[in-house]
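The structure appears right after this line, and notes come after that.
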Number of protein chains: 2
Amino acid sequence: MAIATKTGVTSGKRARTKAANRQAILAAARQVFARIGFDATTIRDIIRETDLAAGTFYNYFRSKEEVFEAIADQSTRRFRPLLQTVREQATSFEEYISAAYRAYFSFLKAQNEEAVRDGAPHMALIGVRVDTPEMHAIFDEIRIDLEEVARTTNISLEDSEFLTAAAIGIAREIGDHMLKRRPADVEGATRFATTLLLDGGKALATYGEKDPAPSAH
Amino acid sequence: MAIATKTGVTSGKRARTKAANRQAILAAARQVFARIGFDATTIRDIIRETDLAAGTFYNYFRSKEEVFEAIADQSTRRFRPLLQTVREQATSFEEYISAAYRAYFSFLKAQNEEAVRDGAPHMALIGVRVDTPEMHAIFDEIRIDLEEVARTTNISLEDSEFLTAAAIGIAREIGDHMLKRRPADVEGATRFATTLLLDGGKALATYGEKDPAPSAH
DNA sequence: TACAAAGTTGACGAAGCGTCATGAATTTGT
DNA sequence: ACAAATTCATGACGCTTCGTCAACTTTGTA
């Protein structure tokens, strides 16, 4: 009889298998992408890993690219609550930046380990990298956070959009390089990124000495 | 008769048409990618824009992806001499960073305008972004430059790899956002990126004031 | 000029694509 | 409780693109 809920979701069997099928396709796609890579993957490769028929795929996604985006979207969605926590707990600009980087690098490390466990050859991770609407939402969220934290700490930012872009650029690139170093050092990456974003490269360098002895807390 | 040169390149007609064909394919691919996008492009779309036959394509490239990489590689190759000049003329850390960012942002703007002129819908630029060997070369070049400039100015860098990664991340993201603002402000982006990398976000903020009055020279 | 080497051509079989008529399972209406 | 209506899975089909290859043309060598 299918009871309609507030959200418009029905509890009938129809709706349940629909959700299950979607998830099955996404899970299968994850596996196959990890195993043989996005380019080599065909839609039939994906559907073969489920108990569905070829045509059914097209009831859920228009193309391979759309599945990919949906997976990236899932990843991004899982990151947002972490950012939410960071926002709620930060009491200063420094704290926000530091905690946000830590959250991202931890998340990245976890995602990477999961992908490797799933049989990804090496670092073929579908990350929080693709240009999805969800990613744009994160960008705006961070920008607004920065503005807000700056405002409450009586700071004026010159250009919050550029600052956000830079913060994200640093996160992406340092994140990649962090993963290449085994074991991935989340704290080290966090400290570096935070110091750089706040105080710049000069704070990470020492003048007139042979060995570096920077402090960044 | 084909005179063999030092480099193993022959001056015969064979070698000339070979180079010409390769360029023809690359040029055609550029056009088609710009017009209809990478995904929609088929190898036959590309070859149709030349006076070659389908089979000939495979004498030059293994796949559409390989053409793409070759184009990205060309872009990257064109950027390297600019970086060379920057390296030669910089006398301080600050100067190197500033000039390098200016070179990159100018290059990016020029590339973008060229792509738009070629009929790219909007910002579908094949940039200095892809993970090619040539890009890795640039990365190493910048890292070594940073180390070198730091050494001659008696500075110790904590982690030149991370610093390079961060510098490139900032360039990429700010570059993207710069292009979205019309007209693209190369000097503004350069100033922002340079100040951030050297002195950090704090240098771009003002404390206890309403309107920002940052100085970054 | 004759022969060898290199390269081009386009037709061909294979592979993957997206669609759609069919039928089964679920929901709705009475 | 049953029938009508709706939703959706199925897999075969026609179509597009793929990469290859035997035949042919052009270039280089002697």
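Convention: sequence-line order gives letters A, B, ...; per-chain numbering from 1.
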Sub-3.5 Å pairs of nitrogen or oxygen atoms, protein against nucleotides 20-26 of chain D:
residue : atom : partner : partner atom : Å
D/dT26  : O2   : B/R14   : NH2          : 2.9

(message) Under a 3.5 Å distance rule, please check whether B/T50 uses its side chain to pair with a backbone N or O of B/I47 as donor and acceptor.
(response)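 Yes, because the side chain of B/T50 sits within donor-acceptor range (under 3.5 Å) of the backbone of B/I47.
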
(message) Starting the side chain at C-beta, find the nucleotide from D/dT10, C/dG10, C/dC17 nearest to B/A53.
(response)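 Of all the options, the side chain of B/A53 is nearest to C/dG10.
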
(message) What's the closest nucleotide to the side chain of B/T42 if the choices are D/dC18, C/dT8, C/dG18?
(response)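 From the listed options, D/dC18 comes nearest.
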
Could you tell me the separation between the [atom1] atom of [X] and the [atom2] atom of [N], rounded to a whole number of Å?
X: B/I47; N: D/dG19; atom1: CD1; atom2: P; value: 12 Å
X: B/F57; N: C/dT8; atom1: CZ; atom2: P; value: 13 Å
X: A/D51; N: D/dA9; atom1: CG; atom2: C1'; value: 11 Å
X: A/R48; N: D/dG11; atom1: CZ; atom2: P; value: 14 Å
X: A/I43; N: D/dT16; atom1: CD1; atom2: P; value: 18 Å
X: B/E65; N: D/dG19; atom1: CD; atom2: C1'; value: 14 Å
X: B/N59; N: C/dG10; atom1: CG; atom2: P; value: 14 Å
X: A/R16; N: C/dT26; atom1: CZ; atom2: P; value: 9 Å

(request) Look at B/K180 together with A/E161 and state whether they make a salt bridge at an N to O cut-off of under 4.0 Å. (result)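 Not counted as a salt bridge, because no side-chain N and carboxylate O are separated by less than 4.0 Å.
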
Counting only side-chain N and O atoms of [X], is one of them less than 4.0 Å from OP1 or OP2 of [N]?
X: A/N21; N: D/dC8; value: no
X: A/K18; N: D/dC8; value: yes
X: A/Y60; N: D/dC8; value: no

(request) Check each of B/V86, B/T91, B/T194 against B/Y96 using the side chain to side chain contact (heavy atoms under 4.5 Å, CB included) test, and report the only one that passes. (result)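 In the set B/V86, B/T91, B/T194, the residue that makes a side chain to side chain contact (heavy atoms under 4.5 Å, CB included) with B/Y96 is B/V86.
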
(message) salt bridge (charged side-chain N to carboxylate O under 4.0 Å, His left out), that's the test. Do A/E114 and A/R117 meet it? Break it down for me.
(response) CA-CA 5 Å; A/E114 187 190 332; A/R117 216 178 307 121; 5.8 Å; no

(request) Evaluate the side-chain proximity of A/I142 to A/L146: yes if any heavy-atom separation is below 4.5 Å, no if none is. (result)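 The answer is yes; the side chains approach within 4.5 Å.
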
(message) Taking ring pair (Phe, Tyr, Trp, His ring centres under 6.0 Å) as the cut-off, I'd like each qualifying pair that reaches into residues 168-188 of chain B, sequence neighbours left out, listed once.
(response)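 As it turns out, the ring pair (Phe, Tyr, Trp, His ring centres under 6.0 Å) pairs with a partner in residues 168-188 of chain B, which skip direct neighbours, are A/F139-B/H177.
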
(request) Find the distance between CG (B/L197) and CG (A/L196) and round it off to the nearest 0.5 Å. (result)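 Going from CG on B/L197 over to CG on A/L196, the span is 5.5 Å.
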
